[in-house]
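Notes follow once the structure below has been shown.
Counting from 1, the numbers follow the sequence of the chain as shown. Hydrogens, waters and symmetry mates play no part in the numbers below; they use all other heavy atoms, side chains included.
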Amino acid sequence: MNDSEFGTIKLHLKELMEERNLSLTKLSFRAEIQRTQLKHYYDEDIQRLNMTVLSRLCYVLNCTLNDLIEYIPPEDSK
């Protein structure tokens with residue numbers, strides 16, 4: 001079985017930042033997260049989610065975890 005058989009996780013960081021007119025640099029500063037680490041979240045190029053990073057993002061973006069992360073179930077191949 002490959003991972004896509006279980007569905008995928010979608011991060012909505014890019015959309016939330018655009019809605020709030022925040023750059024990576026501004027968000028990095030306000031959330032006290034290294035810009036390079038934040039860029040990985042922005043590009044959805046991460047292997048493991050960090051609870052501290054998620055908490056800081058939700059705080060600064062004034063959103064819930066449900067606003068930031070979405071689980072997309074696998075398509076039914078039957």
Side-chain angles (χ1 to χ4, degrees):
M1 288 191 147
N2 63 41
D3 289 342
S4 64
E5 290 183 51
F6 296 102
T8 58
I9 300 292
K10 167 81 174 131
L11 292 175
H12 295 287
L13 180 60
K14 191 179 296 189
E15 295 91 335
L16 290 169
M17 288 174 60
E18 288 174 4
E19 287 174 11
R20 289 153 176 79
N21 198 27
L22 280 174
S23 67
L24 281 169
T25 303
K26 283 183 185 178
L27 182 57
S28 171
F29 177 77
R30 291 180 185 172
E32 298 178 11
I33 300 169
Q34 290 183 357
R35 191 178 186 286
T36 52
Q37 183 180 22
L38 185 58
K39 180 83 167 105
H40 289 293
Y41 279 78
Y42 183 85
D43 292 335
E44 296 189 64
D45 184 30
I46 52 176
Q47 297 299 311
R48 291 180 178 83
L49 296 170
N50 181 304
M51 299 299 280
T52 303
V53 170
L54 295 176
S55 296
R56 290 173 184 221
L57 291 174
C58 287
Y59 177 81
V60 172
L61 294 168
N62 191 27
C63 68
T64 67
L65 197 53
N66 288 335
D67 297 328
L68 186 59
I69 298 174
E70 176 185 11
Y71 168 68
I72 301 169
E75 293 191 24
D76 191 13
S77 60
K78 295 179 184 179

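- Taking CG from L11 and NE2 from H40, the interatomic distance works out to 13.0 Å, rounded to the nearest 0.5 Å.
- For CD of Q37, the number of neighbouring non-hydrogen atoms (other residues, nucleotides, ligands) closer than 6.0 Å is greater than 12.
- No donor-acceptor pair under 3.5 Å is formed between the side chain of R35 and the backbone N or O of S28.
- Put simply, the side chain of L24 reaches to within 4.5 Å of the side chain of M17, judged on heavy atoms.
- The CG atom of L38 sits 9.5 Å away from atom CG of D43, with the distance rounded to the nearest 0.5 Å.
- For the atom pair CD (E18) and NE2 (H12), the distance works out to 12.5 Å, reported to the nearest 0.5 Å.
- Here the CG atom belonging to L68 is positioned 10.0 Å from the CD atom belonging to E15, to the nearest 0.5 angstrom.
- Contact between Y71 and F6 at its shortest, heavy atoms only, is OH-O, 2.6 Å.
- P74 and E5 make their closest contact through CG-O, 3.2 Å (heavy atoms, listed as atom of the first residue, atom of the second, distance).
- Within a 6.0 Å radius of NZ in K10, more than 12 heavy atoms belonging to other residues, nucleotides or ligands are found.
- Hydrophobic clustering of Ile, Leu, Val, Met, Phe, Trp and Tyr side chains at less than 4.5 Å, counting indirect connections, keeps L54 apart from F29.
- Side-chain contact check for R20 versus L27: every heavy-atom pair is 4.5 Å or farther apart.
- Residues I72 and I9 form no side-chain contact, since every pair of their non-hydrogen atoms from C-beta on lies 4.5 Å or further apart.
- Closest approach of L57 to Y41, counting heavy atoms only: CD1-CD2, 4.5 Å.
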Side chain to side chain contact (heavy atoms under 4.5 Å, CB included) assessment of I33 paired with V60: CA-CA 11 Å; I33 300 169; V60 172; over 6 Å; no

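- With contacts defined as side-chain heavy-atom distances shorter than 4.5 Å, the pair D67/L61 does not qualify.
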